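Note sheet for the following structure.
Residue numbers start from 1 in every chain, and the chains themselves are labelled A, B, ... in the order their sequence lines are given, proteins ahead of strands. Quick caveat: nothing in here was measured; it's all calculated off a predicted structure. We use all heavy atoms of the structure for the numbers below, so side chains are in, but hydrogens, waters and symmetry mates are not.
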Number of protein chains: 2
Amino acid sequence: MAMSREQIMTAAIQHLNKDPSASVAQLAEAVGISRATLHRQFSNREELMLALARRGHDQWEQAQLAAGLDAATASGDRKTLEKALNDLLIGLIKIADEYGFGLTDHALAVHPELARRAEELEAREIAFYTAAQRAGLLSTELPVRWISDVVYGLMVAVREGLRRGDVARRDAPRLLLDTFARGAVPRRES
Amino acid sequence: MAMSREQIMTAAIQHLNKDPSASVAQLAEAVGISRATLHRQFSNREELMLALARRGHDQWEQAQLAAGLDAATASGDRKTLEKALNDLLIGLIKIADEYGFGLTDHALAVHPELARRAEELEAREIAFYTAAQRAGLLSTELPVRWISDVVYGLMVAVREGLRRGDVARRDAPRLLLDTFARGAVPRRES
DNA sequence: ATCGTTTGCGACAATCTTGTCTCAAATGCT
DNA sequence: AGCATTTGAGACAAGATTGTCGCAAACGAT
């Protein structure tokens, strides 16, 4: 049975999460096909990486969509924004887990097309965070770009926690939301 | 004037922060010496990387020392723990900035000796976080290993924020401490 | 069973990287 | 100025990676 492009990509990503510097030969082996067949689907290594990254970006965008990010931003309504924030972060967990290697891969970050796309996606979130600040949902003492960096960093943390088994998969959403919202220091016990 | 080992390492790190996959030839050029000279100081690529990582780990340990981590852990005193936590996080910022590429480099993470050393250093922090939890300084609702992952993730966030210019260097400590302690959602405005 | 397609295998050239070596030039010390 | 050491430049071989190709085997649909 022919391996579909999608199947190849999924298996390739899983292996890249284990070894981000895997060669094309190693990826083909991990997928369970020959190098020639892999090259018939993706003529370049870069083409494969691009396809992976694009799918990751698509999922990212999908998470934003599913969370109703833009609508929430436009509404300015606190409850709506809060729901969207939670949905977004929970959606991003899955992506961080599945596409983890891409979080910190330099080649992807440097690629012009991918960088542009990532910027667009970030820009949407930044607009969203700004609206959330205005609604009193996010602290105005933190620069909005820092908030975006924190979300990124926490995704790296989630990935690491899951990878090392520090965090049970079903606990990840609660831990992430808790930490992002309230930090690690308990409220005054006064 | 002869380039000292230390000077080579510093220049190499700076370049690796820009391009984590730089070849030995590129590193030598960035340092301003010939490849032959670089190889006279570090016979292997691995030896160079090891030396860099070891220095990073030394600085990490130094930051723990300077923060009085172990003493604070042993004391169990809340004020002492709080001061140590702040000092630690601020100390780590500098390391994340200087050795940033090492935060997410897979080859380093996989190297047995380095992994062992990192584990030891983490173990100290985990003991410290545990003490901080007992003293009511850190939330007991968060698994201590997750707290450790969060610190790691926030270091990645700091590095990213500094690299992209999202965060002014002098603001980094406040933003990091604020975010780690209280999260991004403001306290009830009641 | 047959025909057309897809696959794996192996070979291949091109490129890059790494580590070594030699030798002449530069440097530093006295 | 003279001498010992260090450096850079370049050549070199070995190895790995990448992308291509041809061909025989496997496969799938009819």
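Straight-line distance from the CZ atom of B:Phe42 to the C1' atom of C:dT17: 19 Å, rounded to whole Å. Across the protein-nucleic acid pair, A:Leu38 atom CG and C:dG10 atom P stand 18 Å apart, rounded to whole Å. Taking atom CD of residue B:Glu29 and atom P of nucleotide D:dG10, one finds them 13 Å apart after rounding to whole Å. Atom-to-atom, CZ of B:Arg5 to C1' of D:dT6 comes out at 16 Å; the value is rounded to the nearest Å.
Between B:Arg124 and B:Glu61 there is a salt bridge, with a side-chain nitrogen of the basic residue lying less than 4.0 Å from a carboxylate oxygen of the acidic one. Salt bridge status for A:Asp77 with A:Lys79: absent, with no side-chain N to carboxylate O gap under 4.0 Å. The pair A:Asp149-B:Arg163 does not count as a salt bridge, with every side-chain nitrogen at least 4.0 angstrom from each carboxylate oxygen. Ion pair A:Asp87/A:Lys83 flagged as a salt bridge, since at least one NZ, NE, NH1 or NH2 atom sits closer than 4.0 Å to an Asp/Glu carboxylate oxygen.
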In a table with atom names and distances, give each donor-acceptor pair under 3.5 Å that connects a side chain of residues 88-112 of chain B to protein atoms at least two apart or in another chain.
unit_1, atom_1, unit_2, atom_2, d
B:Asp97, OD1, B:Arg169, NH1, 3.3
B:Asp97, OD2, B:Arg169, NH1, 2.1
B:Tyr99, OH, B:Arg55, NE, 2.9
B:Tyr99, OH, B:Gln59, NE2, 3.1
B:Asp105, OD1, B:Ala107, N, 2.9
B:Asp105, OD1, B:Leu108, N, 3.1
B:His106, NE2, A:Lys18, O, 3.1
B:His111, ND1, B:Glu113, N, 3.2
B:His111, NE2, B:Glu46, OE2, 3.1

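Side chain to side chain, B:Trp60 and B:Glu122 fail the donor-acceptor criterion of an N or O pair below 3.5 Å.
Of the side-chain N and O atoms in B:Thr37, none sit less than 4.0 angstrom from OP1 or OP2 of D:dT7.
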Produce a footprint string for nucleotides 15-21 of chain D: one letter per nucleotide, 5' end first; B if the base is under 4.0 Å from any protein heavy atom, S if only the sugar-phosphate is, - if neither.
---BBB-
